[in-house]
Amino acid sequence: MSRIFTVSFASVYPLYVAKVEKKGRTKAELDQVIEWLTGFGSAALERHLEAGTTFEDFFAGAQLNPRASSITGVVCGVRVEGIEDPLMQKIRYLDKLVDELAKGKPMHKILRA
């Protein structure tokens, strides 16, 4: 079991926010990306942040977007589409979307519209 599974989503979320804001994107855009991937609206996301939900529990309650499997590419030197552990793959999907947002990719491409 990877250590990231037991890390609270709330401890990583500010890092995601800082990463995208540093590159000129907004927290609202980050939240939109998270909602697209997980189905968690702003109220549900806020509940997870306040509760200190682990990544394991965060993704256990998520309704993963059916188009999530179209997220491809490399995160931390590993191709996300080749990750065998389902939970790790979901975490890396999120990482990849945050990277795309920070790199200035248009929202319609990030959201696979």
Side-chain angles (χ1 to χ4, degrees):
M1 178 186 247
S2 178
R3 194 181 84 156
I4 189 68
F5 297 173
T6 58
V7 170
S8 76
F9 179 75
S11 68
V12 178
Y13 180 77
L15 303 175
Y16 290 151
V17 173
K19 181 175 187 170
V20 300
E21 287 181 343
K22 179 179 167 189
K23 299 293 185 167
R25 301 306 284 261
T26 66
K27 179 180 173 292
E29 288 173 311
L30 173 62
D31 291 350
Q32 182 181 358
V33 167
I34 293 170
E35 182 174 358
W36 178 86
L37 180 64
T38 64
F40 295 136
S42 57
L45 180 59
E46 192 60 37
R47 281 194 301 275
H48 283 290
L49 293 172
E50 289 174 4
T53 306
T54 64
F55 270 100
E56 186 172 26
D57 292 336
F58 181 77
F59 280 107
Q63 293 290 337
L64 207 64
N65 190 301
R67 293 190 308 255
S69 61
S70 66
I71 300 169
T72 59
V74 177
V75 175
C76 299
V78 178
R79 296 208 65 81
V80 295
E81 61 272 22
I83 297 172
E84 292 185 18
D85 184 281
L87 177 55
M88 181 59 80
Q89 187 173 50
K90 291 172 189 173
I91 293 168
R92 294 304 183 195
Y93 281 161
L94 179 57
D95 289 342
K96 183 66 179 169
L97 294 176
V98 171
D99 284 351
E100 290 176 357
L101 184 62
K103 289 179 181 173
K105 198 170 189 179
M107 284 300 282
H108 72 277
K109 288 187 177 185
I110 296 170
L111 303 180
R112 289 19 186 202

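Note that this is a predicted model, so its numbers are computed, not measured.
Taking CD from Gln89 and CZ from Arg79, the interatomic distance works out to 12.0 Å, rounded to the nearest 0.5 Å. Within the model, atoms CG of Asp85 and OG of Ser2 stand 8.0 Å from one another, a figure rounded to the nearest 0.5 Å. The line from NE2 of His48 to OG1 of Thr38 is 7.5 Å long, rounded to the nearest 0.5 Å.
Judged purely by atom type and a 3.5 angstrom limit, Ser8 uses its side chain to pair as donor or acceptor with the backbone of Ser11.
Under a hydrophobic-cluster definition in which Ile, Leu, Val, Met, Phe, Trp and Tyr are linked whenever side-chain heavy atoms come within less than 4.5 Å, directly or via other members, Leu94 and Val74 are assigned to different clusters.
Looking only at atom types and distance, the side chain of Tyr13 has a donor-acceptor partner in the side chain of Asp31 under 3.5 Å away.
Side-chain contact check for Val33 versus Leu111: some heavy-atom pair is nearer than 4.5 Å. Looking at Met88 and Phe5, their side chains come closer than 4.5 Å, going by heavy atoms from C-beta outward. The closest side-chain heavy-atom distance from Arg67 to Trp36 is below 4.5 Å. Considering only heavy atoms from C-beta on, Gln32 stays 4.5 Å or farther from Ile110 through its side chain. Residues Leu64 and Lys90 have side chains in contact (heavy-atom distance under 4.5 Å, counting atoms from C-beta outward). Contact check for Arg92 versus Ile71: no side-chain heavy atoms found under the 4.5 Å cut-off. When side chains are defined from C-beta on, Phe58 does not count as touching Val12, because their heavy atoms never get closer than 4.5 Å. A 4.5 Å side-chain heavy-atom check between Leu87 and Glu56 finds at least one atom pair inside the cut-off.
A salt bridge does not link Asp99 with Lys105: every distance from a Lys NZ or Arg NE/NH1/NH2 to an Asp or Glu carboxylate oxygen is 4.0 Å or more. Ion pairing between a basic and an acidic side chain is recognised when a charged N comes within 4.0 Å of a carboxylate O; Lys96 and Glu81 show no such pairing.
Nearest heavy atom pair, residue Glu29 against residue Thr26, reads OE1-N, 2.9 Å. Residues Gly52 and Ala10 approach most closely at CA-CB, 4.4 Å, considering heavy atoms.
For the ring-ring contact (aromatic ring centres under 6.0 Å, His included) with Phe9, the lone residue among Phe55, Phe40, Phe59 that qualifies is Phe55. Just one residue in the list Lys23, Arg112, Arg25 forms a salt bridge (charged side-chain N to carboxylate O under 4.0 Å, His left out) with Glu100, and that residue is Arg112.
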